[in-house]
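Just so you know, ligand 1 is whichever comes first in the structure, and atom 1 is the first atom listed for that ligand.
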Amino acid sequence: MADDDIKQMKLYQHVERVERALADRGLAPPAPLRPEQIEDLDHLHYEGRDSVDLASKRLGLTRDHRVLDVGSGLGGPARRLATVPGCRVVALELQRDLHECASSLTSRCGLDDRIRHVHGDILDAEAVDGPFDALVSWLVFLHIPDRPALLRRCRALLEPGGGLHAEDFYLRRPLHDDEKALLRNEVQCAHLVDRTTYIDELESAGFGDIRFDDCTEDWRRFVGDRARDFRSDAEPFIALHGRAAFEALSSFYATMVRLFDGGRLGGVRVTARAK
Ligand SMILES: C[S@@+](CC[C@H](N)C(=O)[O-])C[C@H]1O[C@@H](n2cnc3c(N)ncnc32)[C@H](O)[C@@H]1O
């Protein structure tokens with residue numbers, strides 16, 4: 001997918017809001033940062049650092065592990081992994097502006113020795129070289145319609161026995177046409193599979209020990225709270241970032257509420273081992 005396509009998604013617009021928010025906190029460059037000072041801004045997934053810590057625990061990650069973070073966004077998960085438990089991370093991100101913002105935040109956190117940021121597409125065999133001890137990914141696979149190719153690529157980048165941990169969407173029940181259109185146009189998500197197909201595709205790509213945990217109800221609550229809190233605290237956000245940025249994010253958050261409330265979109269946390 002090209003940068004231009006994925007930029008249709010409102011969550012990925014107005015990236016300058018991160019630096020503006022930091023400047024507003026008296027943390028304009030070159031002020032050094034601590035990862036925990038920015039974690040309300042740099043995790044573009046659900047449940048923030050808790051979800052990253054859960055991944056570390058499930059994969060048994062330590063300082064010695066080399067980890068690939070696929071679709072690393074603004075780098076929040078990568079910086080958490082590089083801090084607790086202190087892994088060496090390659091953070092691969094498709095969108096140049098997110099990649100550049102993430103690299104700058106990592107430098108300011110003093111983590112350049114633990115994280116290497118790479119701009120590229122996971123489907124591009126040249127983008128990164130393995131093998132890695134573990135591969136993690138938060139809310140990225142949903143953007144990639146050719147799931148068999150994606151999973152084969154993930155497997156090829158792992159050592160035998162290496163762990164995969166991904167948070168993703170899946171189909172709980174067939175979607176209505178309006179939900180398919182919302183997912184395609186507002187979430188850049190053109191293809192989802194049900195639980196059985198998800199597990200079959202992982203097995204076909206060379207993964208075993210598959211654990212498939214449904215997170216739908218937790219995520220439904222999370223997106224509901226997020227949308228409500230964002231709208232109820234609109235004025236300071238609008239004063240800092242402008243109404244266009246507010247409307248863009250608010251509309252994206254409302255879309256996710258509608259999709260999860262429908263009961264057909266599912267959320268999954270999947271872990272597996274490369275055979
Ligand atoms: C919802 S964001 C999550 C970002 C980050 N994982 C996090 O949780 O904070 C999904 C990210 O995946 C990236 N992405 C989508 N397709 C990708 C691909 N083919 N290769 C690399 N990154 C991709 C997007 O650009 C976006 O930054």
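Contact analysis leaves L123 out of contact with ligand 1, as no non-hydrogen atom separation drops below 4.0 angstrom. Taking a 4.0 Å cut-off on heavy atoms, G120 registers as neighbouring ligand 1. Taking a 4.0 Å cut-off on heavy atoms, I144 registers as neighbouring ligand 1. For the ligand labelled ligand 1, residue G76 lies outside the 4.0 Å heavy-atom shell.
Distances between N or O atoms of S72 and those of ligand 1 include no value under 3.5 Å. By the 3.5 Å distance cut-off applied to N or O atoms, V140 is not counted among the residues near ligand 1. Considering both main-chain and side-chain atoms, E93 comes within under 3.5 Å of ligand 1 through a nitrogen or oxygen pair. Considering backbone and side-chain N/O atoms, G71 comes within less than 3.5 Å of an N/O atom of ligand 1. Considering both main-chain and side-chain atoms, L44 comes within under 3.5 Å of ligand 1 through a nitrogen or oxygen pair.
The salt bridge (charged side-chain N to carboxylate O under 4.0 Å, His left out) contacts involving residues 234-252 comprise R243-E247, where partners must be two or more places apart or lie in separate chains. Counting only residues at least two apart or in different chains, side chain to side chain donor-acceptor pair (under 3.5 Å) contacts with residues 199-212 comprise R211-D213.
In summary, the side chains of D214 and T216 do present a donor paired with an acceptor at a separation below 3.5 Å, with no hydrogens or angles considered. Side-chain contact of E167 with S137: a donor-acceptor pair under 3.5 Å is absent, judged by distance alone.
Between W138 and H43 the shortest side-chain heavy-atom distance does not fall below 4.5 Å.
Only backbone heavy atoms of H43 (N, CA, C or O) come within less than 4.0 Å of ligand 1; its side chain stays farther off. At a 4.0 Å heavy-atom cut-off, ligand 1 does not touch D69 at all. Under 4.0 Å from ligand 1, the heavy atoms of L98 that appear belong solely to its side chain.
Of all atoms in ligand 1, listed by their number and element, those nearer than 4.0 Å to a heavy atom of I6 are 15 (C), 24 (C), 25 (O). Near L139, with a cut-off below 4.0 Å to any heavy atom, the atoms of ligand 1 are 1 (C), 10 (C). Set against the non-hydrogen atoms of Q95, the atoms of ligand 1 under 4.0 Å away are 24 (C), 25 (O), 26 (C), 27 (O).
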_Y170 and F212: CA distance, side-chain angles, deciding distance, ring pair (Phe, Tyr, Trp, His ring centres under 6.0 Å) verdict_ = CA-CA 11 Å; Y170 80 104; F212 186 104; 4.9 Å; yes
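Ring centroids of H143 and Y12 are separated by less than 6.0 Å, placing the two rings close together.
The existence of a salt bridge linking R80 and D69 is excluded, since no basic side-chain nitrogen approaches an acidic carboxylate oxygen closer than 4.0 Å.
Ring geometry, Y46 versus F222: the interplanar angle falls from 30° to 60°, so the pair is classed tilted.
Cation-pi check for R147 over Y198 is met; the charged atom lies under 6.0 angstrom from the ring centroid and within 45 degrees of its normal.
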